[in-house]
Amino acid sequence: MADDEKADAAASAPVAHRATGAAEQAAAMLTAAGMPRMPARVMMALVAAPDGGYTAAQIGDRLGVSAAAVSGAVRYLQQLHFIQRRSWPGDRRDRYEFVHDTFSSSMVGNIPVYTRLAAYIDEIATEHDDDPGAQDRATELAEFFRYLSERMLQIVEDWRELRRDATG
């Protein structure tokens, strides 16, 4: 058997999927929090995947969904930088893996969004100087987003330090 054929056989070999129930429950929680259902399911399947991730066919097999469903979910998750596609020498099929530290990096990346959002909401408060109720709501929300943007960086730095200490 040629190397290409061996790689294809290995990529399409059945995989013993583990933690399927927990992954589905986690995906359901992410869906309830606003993430689209199929990307949430694919992401949690990849969190539970063996080292080296899954091929698209293996994801479809694990989830019992079509190649089109996997393709759309993978594209969505790649745009968010939650997963990465990897190719291996001698393997014709790409494999997908969950990106470590993706959520903390995403949170830090959103700090400018929170800061700018606070500035826009400040404008709402300013334009409602004759309406104390609207002004108070806007002021409180803007203050929350400023607080969030300030604390988010510290939370992520604390998390990374904790991980460094735990991993040596």
Side-chain angles (χ1 to χ4, degrees), residues 7 10-121 141-142 144-168:
S12 62
V15 175
H17 304 300
R18 299 183 352 204
T20 56
E24 287 297 322
Q25 290 298 320
M29 290 187 77
L30 288 172
T31 301
M35 183 178 234
R37 183 173 183 263
M38 191 53 58
R41 291 185 70 209
V42 168
M43 185 173 77
M44 287 298 108
L46 290 173
V47 167
D51 280 347
Y54 281 139
T55 65
Q58 289 168 331
I59 295 169
D61 176 61
R62 177 181 174 117
L63 300 177
V65 298
S66 70
V70 171
S71 176
V74 161
R75 187 172 38 256
Y76 178 89
L77 292 168
Q78 284 179 302
Q79 288 172 346
L80 295 175
H81 306 287
F82 287 175
I83 68 170
Q84 60 190 354
R85 179 175 39 190
R86 296 210 177 210
S87 57
W88 300 98
D91 192 346
R92 292 183 185 177
R93 295 186 177 115
D94 289 333
R95 301 184 76 77
Y96 297 93
E97 296 176 321
F98 182 75
V99 176
H100 294 282
D101 198 32
T102 190
F103 281 98
S104 57
S105 296
S106 176
M107 292 171 74
V108 169
N110 281 327
I111 290 172
V113 174
Y114 300 135
T115 303
R116 189 65 193 135
L117 189 53
Y120 285 133
I121 296 169
L141 188 56
F144 173 75
F145 282 116
R146 269 191 293 285
Y147 175 80
L148 188 62
S149 67
E150 292 166 5
R151 293 290 300 142
M152 195 66 61
L153 185 57
Q154 186 60 51
I155 290 168
V156 170
E157 287 174 5
D158 291 348
W159 168 250
R160 289 180 177 158
E161 182 178 330
L162 181 68
R163 295 300 305 149
R164 275 192 303 275
D165 291 348
T167 59

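Quick note: numbers below take in every heavy atom, side chains included, and nothing from hydrogens, waters or symmetry partners.
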Exercise for review: Could you label the plane-to-plane angle of the H17 and Y54 rings as parallel, tilted or perpendicular, counting under 30° as parallel and over 60° as perpendicular?
Suggested key: perpendicular
Side-chain heavy-atom pair [X], [Y] within 4.5 angstrom cut-off:
{"X": "N110", "Y": "M152", "value": "no"}
{"X": "R41", "Y": "V65", "value": "yes"}
{"X": "M35", "Y": "L77", "value": "yes"}
{"X": "Q78", "Y": "Y96", "value": "yes"}
{"X": "E24", "Y": "L63", "value": "yes"}

For [X] and [Y], which heavy atoms make the closest approach, and how far apart are they?
{"X": "A73", "Y": "V42", "answer": "CB-CG2, 3.6 Å"}
{"X": "A26", "Y": "M44", "answer": "CB-SD, 3.5 Å"}
{"X": "E97", "Y": "G52", "answer": "OE2-CA, 3.3 Å"}
{"X": "A48", "Y": "A19", "answer": "CB-CB, 4.3 Å"}
{"X": "D94", "Y": "S87", "answer": "OD1-CB, 3.3 Å"}
{"X": "Q154", "Y": "D158", "answer": "NE2-OD1, 2.6 Å"}

What's the spacing between [X] [atom1] and [Y] [atom2] if we round to 0.5 Å?
{"X": "R85", "Y": "T55", "atom1": "CZ", "atom2": "OG1", "answer": "13.0 Å"}
{"X": "R146", "Y": "L117", "atom1": "CZ", "atom2": "CG", "answer": "10.5 Å"}
{"X": "L46", "Y": "I83", "atom1": "CG", "atom2": "CD1", "answer": "5.5 Å"}
{"X": "L153", "Y": "L148", "atom1": "CG", "atom2": "CG", "answer": "11.5 Å"}
{"X": "T31", "Y": "M38", "atom1": "OG1", "atom2": "CE", "answer": "9.0 Å"}
{"X": "Y114", "Y": "F144", "atom1": "OH", "atom2": "CZ", "answer": "8.5 Å"}

Check your understanding: Does any N or O in the side chain of T102 come within less than 3.5 Å of the main-chain N or O of H81, such that one atom is a donor and the other an acceptor?
Key -> yes
**Study point:** A67 backbone acceptor or donor facing S71 side chain under 3.5 Å
**Key:** no
Check your understanding: Should we say atom CZ of F103 is surrounded by more than 12 heavy atoms from elsewhere, each under 6.0 Å from it?
Key -> yes
Review point. Strictly by modelled atom types, are S105 and R160 linked by a side-chain donor-acceptor pair under 3.5 Å?
Key: yes
